[in-house]
Number of protein chains: 2
Amino acid sequence: MLSFTEENYLKALVELTVFDADSDEVGVNRLATCLEVKPATVSDMVRKLRNKSLVNYEKYGKVSLTSEGRLKGMMVIRRHRLWETFLSSKLGFSWDEVHELAEELEHIHSEKLINRLDEFLDFPEFDPHGDAIPNQKGEILLPFRRTLSEIEVGKRHRISAVRDQTEVLQYMDRIELKINQEVTIEHREAFDGLTTITYGNRTSVVSPKLTENIFVVCAECGKAKCSCK
Amino acid sequence: MLSFTEENYLKALVELTVFDADSDEVGVNRLATCLEVKPATVSDMVRKLRNKSLVNYEKYGKVSLTSEGRLKGMMVIRRHRLWETFLSSKLGFSWDEVHELAEELEHIHSEKLINRLDEFLDFPEFDPHGDAIPNQKGEILLPFRRTLSEIEVGKRHRISAVRDQTEVLQYMDRIELKINQEVTIEHREAFDGLTTITYGNRTSVVSPKLTENIFVVCAECGKAKCSCK
DNA sequence: TATAAAAGTTAGATTAGTCTAACAATTATT
DNA sequence: AATAATTGTTAGACTAATCTAACTTTTATA
Ligand SMILES: [Mn+2]
Ligand SMILES: [Mn+2]
Ligand SMILES: [Mn+2]
Ligand SMILES: [Mn+2]
């Protein structure tokens, strides 16, 4: 049985090498920053995870997940996202409150519990932030993702997901920007990336700090990578 | 914030000094047995809990809860019993499965979560084993309890609660003995305590190992201590 | 390519929770 | 009251997860 700590390392590795898909391996420093511990701590820990066949790693090399490690990490994310969905849809928590609670709940070790919860929630596909929920086998829809900071001016898009960070979510609440809402970029300032967006009957000027955390798809075809005119 | 371990010590102390109410203090050995650790471990730990003002204790003396310790312990039990109720009533787990899962869930630290859960479950008074659920203030109905092994022959009683032990619960399922069922003792063998009981349209011979774990009240007045003829 | 910077490792310390083995205090029994 | 049994404490060791400080390897740059 894995400890909370080991599970958090595997979860972070999935996030760094599967979701943020530039590379399927990652350095010790990067992992340390992400987990908010010192590189020395990570060095020790990845050796331990290698001995359990959960990661590939050798001294001074990069770290990557084995298929077993990837599955274990994916299951932590499945639990996290299902609990977030439960808290939001059944207990009425707002989308900026659920992540912190799910950080604890994700470590409850019972496959039966999580599958029953999945059923109770009617097998949701997405969590409250628009992130896909891995299935029982650890499989997940991994769409190519594009952020509001990358798309061209003038074309209608729809918000599909948001990075799960309290401040982002609370800010979006404040300007009434929601998942599934259609958004158009009116103007993007080359100098500092300040962006004017319209949505519903509103117009807002927002910074890259926000637009980099919002994922969108084409409003017409529903895809992030599309060839609609 | 208390660790899992500290919470388990407080929970055990509530069980030993509040529920099993012969005395409001307990020795190190007893506590050690109950927690399945060695007395040496308990000696260290209770000193630590005393320094946090959660227990009263001095070297070679007995251990008892302070009011703060009692409240903290009671809240662990509140969480445990609410999660058991959730697992049973919403996720369809059987009464012999819920305890083990609740042992993990009881350590999720969020008062807001547990109060929302309470509301979601419609403020249940009892968990699936008939145990009262402490309220938000840590108050609990503490009925005088009498077991099936103690009551007189011939008088009708009703099962109010069962000690939460997997084997007991599974055995009761097997002989179709349920909470709220009316039971009469037909005969109790003085030699070994073997007891013949009737309930519904059945008769069973059961041992003290079972009857000592089943709590009953008078079928007429609903009290454990009654003067009905 | 030589050197500087960045990335990564190791050694030694710390904290929480546990253990065993030896010892000390309290309580029960003759 | 003396002795035995029970109960409880202490010292020293171990594991997991973390840190700091010193050191080494790899990578980037002049
Ligand atoms: Mn989250
Ligand atoms: Mn976590
Ligand atoms: Mn229980
Ligand atoms: Mn527990």
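Note on naming: letters A, B, ... go to the chains in the order of the sequence lines (proteins, then strands), and numbering restarts at 1 for each one.
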Trainee: Verify the neighbour count for atom NZ of A/K52: are there more than 12 heavy atoms of other residues, nucleotides or ligands below 6.0 Å?
Mentor: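 Buried by this count: over 12 neighbours within 6.0 Å.
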Trainee: List, with names and distances, any nitrogen or oxygen atoms from the protein found under 3.5 Å away from nitrogen or oxygen atoms belonging to nucleotides 21-27 of chain D.
Mentor:
unit_1 : atom_1 : unit_2 : atom_2 : d
D/dT25 : O4'    : A/Y60  : OH     : 3.4

Trainee: Rounded off to whole Å, could you give me the CG-to-P distance for the A/D44 and D/dC19 pair?
Mentor: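 Atom CG in A/D44 sits about 11 Å away from atom P in D/dC19.
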Trainee: Are OP1 or OP2 of C/dG8 and a side-chain N or O of A/S43 less than 4.0 angstrom apart?
Mentor: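 Looking at the OP1 and OP2 atoms of C/dG8, neither is under 4.0 Å from any side-chain N or O of A/S43.
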Trainee: So, does B/T41 get its side chain near the phosphate of C/dC19, meaning an N or O under 4.0 Å from OP1 or OP2?
Mentor: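 Yes, within the criterion.
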Trainee: Tell me the interatomic distance from B/L2, atom CG, to C/dA16, atom C1', rounded to whole angstroms.
Mentor: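 Result: 14 Å.
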Trainee: Do the rings of B/F4 and A/F4 sit parallel, tilted or perpendicular, given the 30° and 60° boundaries?
Mentor: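 Because their plane-to-plane angle is over 60°, the rings of B/F4 and A/F4 count as perpendicular.
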Trainee: Rounded to whole Å, how long is the line connecting atom NZ of B/K38 with atom P of C/dA21?
Mentor: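 From B/K38 NZ to C/dA21 P: 10 Å.
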Trainee: For B/R116, give me all partners under side chain to side chain contact (heavy atoms under 4.5 Å, CB included), at least two apart in sequence or on another chain.
Mentor: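 Partners of B/R116 under the side chain to side chain contact (heavy atoms under 4.5 Å, CB included) test: A/L91, A/F93, B/K112, B/E119.
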Trainee: Which value, rounded to the nearest 0.5 Å, describes the distance between B/R50 atom CZ and B/Y57 atom OH?
Mentor: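 These two atoms lie 7.0 Å from each other.
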Trainee: Would you say B/Y9 reaches C/dA16's phosphate, i.e. side-chain N/O to OP1/OP2 under 4.0 Å?
Mentor: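 For B/Y9, the contact criterion (side-chain N or O under 4.0 Å from OP1 or OP2 of C/dA16) is not met.
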Trainee: Could you work out, with salt bridge (charged side-chain N to carboxylate O under 4.0 Å, His left out) as the rule, every residue matching B/D118, not counting sequence neighbours?
Mentor: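 Per chain and number, B/D118 pairs via salt bridge (charged side-chain N to carboxylate O under 4.0 Å, His left out) with B/R78.
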Trainee: CD of A/E58 versus C1' of C/dG8: gap in Å, rounded?
Mentor: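 From A/E58 CD to C/dG8 C1': 14 Å.
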Trainee: Do any of residues 27-37 of chain A sit with a heavy atom less than 4.0 Å from DNA chain D, and if so which?
Mentor: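 The answer is A/V37.
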Trainee: Just the rounded figure in Å: distance from P of C/dA16 to CD of B/E7.
Mentor: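 Roughly 16 Å, once rounded to whole Å.
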Trainee: I need the NZ-P distance between B/K62 and C/dT26, as an integer number of Å.
Mentor: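 From B/K62 NZ to C/dT26 P: 13 Å.
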Trainee: So, does A/R146 use its side chain to make a donor-acceptor pair with the main chain of A/K225 at under 3.5 Å?
Mentor: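 Here the side-chain-to-backbone pair does not exist.
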Trainee: For B/T5, which residues count as a side chain to side chain contact (heavy atoms under 4.5 Å, CB included) partner, sequence neighbours excluded?
Mentor: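 B/T5 satisfies side chain to side chain contact (heavy atoms under 4.5 Å, CB included) with B/S3, B/Y9, B/M45 once adjacent residues are dropped.
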Trainee: Hey, is B/R79 close enough to B/E7 for a salt bridge, meaning N to O under 4.0 Å?
Mentor: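 Yes, this pair counts.
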Trainee: I need the full list of salt bridge (Lys or Arg N to Asp or Glu O under 4.0 Å) pairs touching residues 61-76 of chain B, with sequence neighbours left out, sorted by first then second residue.
Mentor: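 Only B/E68-B/K72 qualify under salt bridge (Lys or Arg N to Asp or Glu O under 4.0 Å).
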